[in-house]
Each structure stands twice: as C-alpha cells, then as structure tokens.
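These notes are about the structure you will find just below.
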Amino acid sequence: MHVDLDTLATALYVKVDDELKAAPQLNPYRPKVGIAPKITDAELITVAVLQALLGHHNEIRWLRRARKDIGHLLPYLPKQPGYNKRLRALIAQIAHCIAALAADTDLWQHPIRIADSTPVQCGTSRETVKRSDLAGWAGYGYCASHSRRFWGLRLHLVTTIHGLPVAFALTNPRTDERDVLIDLVSLQPAMFHHPDGLILVVDKGYRDRATETWLNETAIDVIRPAYRNEAARPGRLLLRTVRQNIESVNQTLKSQLDLEQHGGRTPAGAAVRILQRVLAMTAAIWHNWHTGQPVMRSLIAYDH
C-alpha cells in the first residue's frame with residue numbers, strides 16, 4: 001500500500017464508513033422521505049481530516065481548494081455553511097472514530113501510557129472573553145511549560161509511547177487534572193488494561209496520593225516526579241525517556257496540525273475542530289502502522 005494522501009483518504013473513508021454503519025445509534029436521524037444528503041458522514045469526516053492534514057484553517061478557502069486537490073476522490077463537496085453545520089453535528093462520530101482507529105492497531109496494547117495536558121487558546125482580547133459563547137467552558141489558565149497565561153480550554157491526552165491517542169478530554173483550564181484522569185480511566189477501562197499490568201507516566205499536575213492509590217487499585221502503576229521532600233522514586237529513567245514523547249505529540253498537534261488556530265467560536269465549533277486535529281493525527285498513525293512505516297507519527301507524506 002502506498003503512503004500518500006490519496007491512499008490515506010481512501011483507506012480512512014472505508015474504515016470510517018464501516019465503523020459508522022456498525023454503530024447506527026451514533027448516526028443522526030434522517031426521515032426516509034425527503035432529500036437525501038449528497039455527501040455521507042464518512043465522506044465529510046474524511047474531508048475534515050484532509051483539511052487538518054493540509055493545514056487549511058479557513059473553511060471557505062479549504063472547500064474552494066479541495067475541489068481542485070481532492071475533487072477526484074469525492075463526487076460532491078458542500079459549500080461552507082452546509083459543511084460547517086454538518087461537521088458540528090458529528091462530534092460523537094468523530095470521537096468514536098478516534099477510538100476505533102486506535103483499536104485497529106496493536107499499538108494500544110503496549111503496557112505504557114503517557115498522560116499530559118496542553119492549553120488550547122480560544123481568544124486573545126478582553127472583548128472576546130466577554131462576548132464569546134465559549135465563556136463558562138473556556139476560562140483563564142496558566143501554562144507552566146511556556147510560562148504564559150491564556151484564555152481557552154485544556155486538552156488532556158493519554159497516548160501510547162508511539163503517540164497514539166487512546167483517551168482525551170476537553171476541559172476548563174481550572175478543572176483539577178487529577179479528576180480528569182480518574183474520569184478518563186473510569187470511562188474507558190479497556191484502554192487502561194493490560195494482562196501484565198499497566199504503567200502510567202504522568203507529570204506533576206496529575207500526582208496526588210489519593211489518585212495514585214486509586215490507580216494502583218485498578219492495576220495501574222504510576223510513574224511520576226517525586227516531591228521535593230520525597231525520596232527518589234523507582235522509574236526515574238523511564239520518566240525521563242518517555243515524558244518527551246507526549247511533549248512531542250503536543251508539538252505535532254500545535255505546529256503541524258495548528259491546534260491553537262482552530263477558529264472555533266462556539267462549544268460545538270471548538271470541540272469539533274479540536275477533535276478534527278486529534279483524528280487527523282490518529283489517522284496518520286493508523287495508516288503508518290498498517291503500511292509498516294518506521295516512524296508512526298510522521299505526517300510528511302500527507303501534508304502536501
């Protein structure tokens with residue numbers, strides 16, 4: 001199988017179409033009598049992934065360009081209002097596809113998971129903060145890694161050491177990261193299970209005695225930085241080795257997939273544009289695994 005954008009788009013469409021047909025409860029209700037949509041949900045999700053991979057932020061310009069670049073792959077492309085409206089209604093389907101693509105590889109069976117969070121800025125002016133529909137969900141937060149304050153959301157990611165997302169959440173920046181981690185493990189127990197026990201590598205924001213005890217009781221060993229007044233903990237070398245992986249994943253999302261240029265102005269708009277980029281990275285890793293590529297998270301073959 002070739003490693004190029006057309007091949008990825010074809011393989012992804014087939015996989016997404018099969019997954020949505022196997023989960024009819026996710027599909028929006030459409031009356032049997034009436035005008036049938038000219039583009040299916042699977043085709044629309046594929047177009048959204050290609051938009052993220054090719055780095056187009058503006059939907060109007062993207063659809064104009066898509067007719068030239070990928071028009072040979074699809075019989076119909078909607079105009080911007082229809083594309084935006086349909087895409088905002090597919091949040092549950094996109095989240096389902098992320099999990100399905102991850103489970104369609106053997107990477108998620110690796111016994112090590114890495115958890116981290118990264119800020120997703122949604123506004124830079126006081127007027128935006130006052131008037132945005134995101135107010136309440138989005139809020140002010142602080143990014144210690146870059147020593148900056150921001151207004152927006154926080155994306156929590158749990159990945160394998162290969163960078164494959166296995167769990168994620170979008171929260172207010174002030175939401176306790178430990179509570180988010182417990183929710184992720186509780187809601188997706190299959191992704192946090194390994195017959196020989198799972199190792200979860202976390203940073204300072206997720207460390208807490210009660211949280212660690214709870215995770216240990218669910219057969220998850222936690223590797224975390226030690227407190228200042230605490231003796232050196234086992235797993236220091238593993239912590240140093242794999243912590244950089246999740247930082248690299250966040251950098252891929254921000255520099256290559258333009259995570260902070262999502263342009264969402266409503267809860268549904270921001271959520272679907274952020275998940276659109278997570279799905280794009282998951283799809284690239286999924287396709288690279290199936291084609292036997294040496295670097296799982298490389299997007300070079302698909303970004304042009």
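All figures in this text were calculated on a predicted structure; none of them were measured in a lab. Quick note: numbers below take in every heavy atom, side chains included, and nothing from hydrogens, waters or symmetry partners.
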About how many Å separate [atom2] of [Y] and [atom1] of [X], when rounded to the nearest 0.5 Å?
X: Leu50; Y: Leu74; atom1: CG; atom2: CG; answer: 8.0 Å
X: Leu8; Y: Leu53; atom1: CG; atom2: CG; answer: 6.5 Å
X: Leu198; Y: Leu215; atom1: CG; atom2: CG; answer: 9.5 Å
X: Glu19; Y: His96; atom1: CD; atom2: NE2; answer: 4.5 Å
X: Lys21; Y: Thr40; atom1: NZ; atom2: OG1; answer: 8.5 Å
X: Arg67; Y: Asp69; atom1: CZ; atom2: CG; answer: 12.0 Å

Take Leu181 and Val202 through the test side chain to side chain contact (heavy atoms under 4.5 Å, CB included) and record every step on the way to the result. CA-CA 10 Å; Leu181 181 60; Val202 302; 4.3 Å; yes

Does atom [atom1] ([X]) have a neighbourhood of more than 12 heavy atoms from anything else shown, all under 6.0 Å?
X: Arg149; atom1: CZ; value: no
X: Arg233; atom1: CZ; value: yes
X: Arg148; atom1: CZ; value: yes

Does one hydrophobic cluster hold both [X] and [Y], with members joined at side-chain heavy-atom distances below 4.5 Å?
X: Leu26; Y: Val16; value: no
X: Phe150; Y: Val129; value: no
X: Ile300; Y: Val49; value: no
X: Val201; Y: Tyr227; value: no
X: Ile70; Y: Leu44; value: yes

With distance as the sole test, does [X] use its side chain to make a donor-acceptor pair with the main-chain N or O of [Y] at under 3.5 Å?
X: Thr128; Y: Thr124; answer: no
X: His110; Y: Ile112; answer: yes
X: Trp108; Y: Ala103; answer: yes
X: His194; Y: Asp196; answer: yes

Classify the side-chain pair [X]/[Y] by whether it contains a donor and acceptor separated by less than 3.5 Å.
X: His290; Y: Asp104; value: yes
X: Glu260; Y: Gln121; value: no
X: Gln293; Y: Thr291; value: yes
X: Arg297; Y: Thr252; value: yes
X: Arg154; Y: Thr171; value: no
X: Asp4; Y: Thr7; value: yes

Qualifying residues under salt bridge (charged side-chain N to carboxylate O under 4.0 Å, His left out), relative to Arg178, sequence neighbours excluded: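 Counting only residues at least two positions away or on another chain, Arg178 forms a salt bridge (charged side-chain N to carboxylate O under 4.0 Å, His left out) with Asp176, Asp208.
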
Does Arg224 have any salt bridge (charged side-chain N to carboxylate O under 4.0 Å, His left out) partners at least two apart in sequence or in another chain, and if so, which?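 For Arg224, the residues satisfying salt bridge (charged side-chain N to carboxylate O under 4.0 Å, His left out) (neighbours in sequence not counted) are Glu212, Glu230.
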
Give the C-alpha distance, both sets of side-chain angles, the deciding distance and a yes or no for side chain to side chain contact (heavy atoms under 4.5 Å, CB included) between Thr105 and Ile285. CA-CA 9 Å; Thr105 72; Ile285 296 173; 6.0 Å; no

Transitive ILVMFWY cluster of Tyr13 at side-chain heavy atoms under 4.5 Å: who else is in it?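 When side chains under 4.5 Å apart are linked, the cluster holding Tyr13 also contains Val14.
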
Decide, yes or no, whether a salt bridge links Lys254 with Asp258 under the criterion of side-chain N to carboxylate O below 4.0 Å. no

Salt bridge Glu43-Lys38, side-chain N to carboxylate O under 4.0 Å: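 The answer is no: the pair does not qualify as a salt bridge.
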
For Arg265, all residues meeting side chain to side chain contact (heavy atoms under 4.5 Å, CB included), sequence neighbours excluded: none

Do you know the tightest heavy-atom contact between [X] and [Y]?
X: Leu20; Y: Ala42; value: CD1-N, 4.0 Å
X: Arg86; Y: Pro37; value: NH1-CB, 3.7 Å
X: Ala226; Y: Arg207; value: O-NH1, 3.1 Å
X: Gly136; Y: Asn172; value: O-ND2, 3.6 Å
X: Ile161; Y: Asn245; value: O-ND2, 2.6 Å
X: Ser117; Y: Asn250; value: O-ND2, 4.3 Å

May I ask you to test the [X]-[Y] pair for a side-chain heavy-atom distance under 4.5 Å?
X: Thr266; Y: Leu134; result: no
X: Val158; Y: Phe168; result: no
X: Trp137; Y: Leu170; result: yes
X: Asn288; Y: Val295; result: no
X: Trp286; Y: Leu107; result: no
X: Leu279; Y: Cys97; result: yes
X: Leu12; Y: Leu101; result: yes
X: Tyr83; Y: Leu77; result: no

Would you mind telling me which of Lys85, Arg64, Arg273, Arg65 makes a salt bridge (charged side-chain N to carboxylate O under 4.0 Å, His left out) with Glu59?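 Only match with Glu59 under salt bridge (charged side-chain N to carboxylate O under 4.0 Å, His left out): Arg273.
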
Who pairs with His57 by ring pair (Phe, Tyr, Trp, His ring centres under 6.0 Å), at least two apart in sequence or on another chain?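 None.
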
Side chain to side chain contact (heavy atoms under 4.5 Å, CB included) between Leu200 and Ile223: does it pass, once the steps are laid out? CA-CA 6 Å; Leu200 181 63; Ile223 303 296; over 6 Å; no

Side chain to side chain contact (heavy atoms under 4.5 Å, CB included) for Asp179 and Thr211? Distances and angles first, verdict last. CA-CA 8 Å; Asp179 292 341; Thr211 302; 6.0 Å; no

Decide side-chain hydrogen bond (donor to acceptor under 3.5 Å, both in side chains) for Tyr302 and Asp6; before the verdict, give the C-alpha distance in whole Å, the side-chain angles of both, and the deciding distance to 0.1 Å. CA-CA 9 Å; Tyr302 316 117; Asp6 285 9; over 6 Å; no

Under the side-chain hydrogen bond (donor to acceptor under 3.5 Å, both in side chains) rule, collect the residues that match up with Asp106, sequence neighbours excluded. Trp289

